[in-house]
Amino acid sequence: MTNLIQPIRGMNDILPDATPRWQYLEAVTRTVLAAYGYREIRVPILEKTELFARSIGEVTDIVEKEMYSFEDRNGDSLTLRPEATAGMVRAGLSNGLLYNQVQRWWSAGPMFRHERPQKGRYRQFHQIDVEAYGLPGPDIDAELIVMLARLWKRLGIRQVELRINTLGSPEARASYRDKLAAFLRGHARQLDEDSCRRLDSNPLRVLDSKHPETRKLVEQAPNLLDHLDDGSREHFAALQVLLDNAGVSYVVNPRLVRGLDYYSRTVFEWVTTRLGAQDAVCSGGRYDGLVAQLGGKPMPAIGFAMGVERLVALMEEEGVPVPDTAPHAYLVRVGALAERAGLQLAEQLRETLPQLRLIMDCSGGGFANQLKRADKSGARVALVLGEDEAKIRQVGFKLLRNTTEQVNVPWDTAAARLAPWLE
Ligand code: HAM
């Protein structure tokens, strides 16, 4: 076994023991999204590299150093999507669905970033991404956030905190950017290496540096909230009133700037203290300029993406119970006649009880061995079919989680007997 092919670093197999939690998260999320009118869109995992460079921004970490890009056989540069927003806008424009229309869409699937893998940070990870197009007012910002608060409640997640900020209009941000860069340049010796590099290319990112010295300096830096345009200030104030009215608590964090360039006005992040350094479980914001930037008619837009791995880990940390996926029943068959009849009986039961999870033992062996496997499967009931029962179309009904005796019942009453054991 020395020739085993290794998995790619930072890319995980989600094993069958883990998938019930993923499925539960996905199912609850789908129900909540439908309750707010969001419809699913599925877009390709591969896009032209240019799409991400033009939307996420040339001088962001993602585009500069994290994309999985390659040339295909035609010599076109393609990229495995590092996020979903750009592809969804591209799909909206390609299909003529972002012209004077309101759209509420969601999409889910794997994203790819060549980051340094650690707990909660992977090279292939999964997002559930939600976007609303054509709505300029703070009410949709508030509704998206309220929807997330409802989702956390439905999922049983309690330990998350909401942080919000506004980045202002592109013009206000550009003038703030110059002021900030001038201030930071004056104190360049206190900056860490990464922040020095960003000083010219993307000084706003210095604001969310994790480096202690840089953070101290940032405390004294000019505050973006003091340099806002009136429109953005009013929008942000209105959002806060709506959140207050809805009873959603939040912290205004003027240093929340986000790592993608397309944002303007509202940005937000849900963070938790339960997962270590990779603490953001859901992030997003408004990107009113992106549709036009990608060639469409100007159209406001806002959205967010949840990190599925991180939410699943948080649910586990918080002890959120997972719905039971063990089989309800396990069919034991011993003897040639019972083996043939068992297949028929199993199908009859599945036909009558569409919710039934029934495993038919196909590994052979005697009653004792098969019953051992029945027990291990987690099933509540063993259905036992020997030659004698098969001949008279009966089946043994044996509860596996207590010590009651096996009773033989006719096939046509077996479904009714099983029904109470399906939750
Ligand atoms: P983002 O902040 O880059 O935003 O990612 C959103 C979420 O994806 C993060 O909060 C985190 O939970 C998860 N995430 C990001 N990178 C990783 C990783 N390497 N491993 C595991 N989880 C990760 C966006 O992607 C924007 N497109 C969100 C958005 C949608 N804004 C507007 N619409």
Side-chain angles (χ1 to χ4, degrees), residues 8-12 14 22 25 29 33 38 41 43 47 51-52 55-57 60-63 65-68 80-92 103-133 135 140-141 144-145 147-148 152 157 160-165 167 205 208 256-272 274-291 300-315:
I8 299 173
R9 197 161 112 80
M11 304 205 178
N12 299 312
I14 318 298
W22 284 63
L25 167 67
T29 306
L33 288 170
Y38 287 82
I41 177 170
V43 295
E47 295 277 358
L51 171 69
F52 302 114
S55 51
I56 297 170
T60 55
D61 282 354
I62 296 180
V63 172
K65 36 184 200 194
E66 294 171 2
M67 295 207 301
Y68 282 90
L80 279 171
R81 62 179 182 196
E83 57 108 52
T85 310
M88 288 166 77
V89 171
R90 200 272 311 134
Q103 301 286 2
R104 289 179 171 85
W105 290 348
W106 67 270
S107 198
M111 309 293 152
F112 304 84
R113 296 184 193 175
H114 197 276
E115 297 191 78
R116 200 165 40 77
Q118 63 179 86
K119 182 172 171 258
R121 187 162 72 192
Y122 309 106
R123 290 181 172 171
Q124 175 178 307
F125 61 96
H126 296 76
Q127 288 185 343
I128 299 175
D129 185 292
V130 180
E131 313 286 354
Y133 306 99
L135 300 167
I140 187 69
D141 307 25
L144 280 175
I145 289 173
M147 176 173 81
L148 283 164
W152 309 145
I157 289 175
V160 282
E161 180 188 284
L162 172 63
R163 296 185 181 157
I164 60 173
N165 191 21
L167 299 180
R205 287 307 306 279
D208 71 355
L256 174 59
V257 289
R258 310 282 296 120
L260 305 93
D261 276 357
Y262 49 61
Y263 292 108
S264 56
R265 295 201 168 175
T266 310
V267 288
F268 62 90
E269 212 159 61
W270 293 85
V271 294
T272 178
R274 296 296 299 269
L275 296 178
Q278 303 308 315
D279 59 356
V281 292
C282 174
S283 347
R286 190 164 268 287
Y287 51 97
D288 293 340
L290 183 60
V291 175
I302 178 167
F304 61 80
M306 304 181 241
V308 179
E309 280 81 356
R310 294 185 192 175
L311 285 169
V312 165
L314 182 56
M315 284 160 65

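Counting convention: from 1, in listed order, for ligands and their atoms alike. Just so you know, these numbers come straight off a predicted model, no measurement behind them. Residue numbers count from 1 along this sequence.
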## Note on the structure
Between V281 and R310 the two heavy atoms that sit nearest each other are CG1-CB, 4.0 Å
### Task
Using distance alone, with no hydrogens and no angle criterion, decide if Y262 and T85 have a side-chain donor and acceptor under 3.5 Å apart.
yes
### Message
Strictly below 4.0 Å, N to O, side chains only: are E83 and R113 in salt-bridge contact?
### Response
no
### Summary
With sequence neighbours left out, the residues meeting side chain to side chain donor-acceptor pair (under 3.5 Å) with D141 are H235, T266, R286
### Message
Between Y122 and Q278, do the side chains contain a donor N or O and an acceptor N or O under 3.5 Å apart?
### Response
no
### Query
When you look for protein heavy atoms under 4.0 Å from ligand 1, which residues do they belong to?
E83, T85, R113, E115, G120, R121, Y122, F125, Q127, D129, E131, R258, L260, Y262, Y263, A280, V281, C282, S283, G284, G285, Y287, G303, F304, A305, G307, R310
### Query
Shortest non-hydrogen contact from L256 to V267?
O-CG2, 3.7 Å
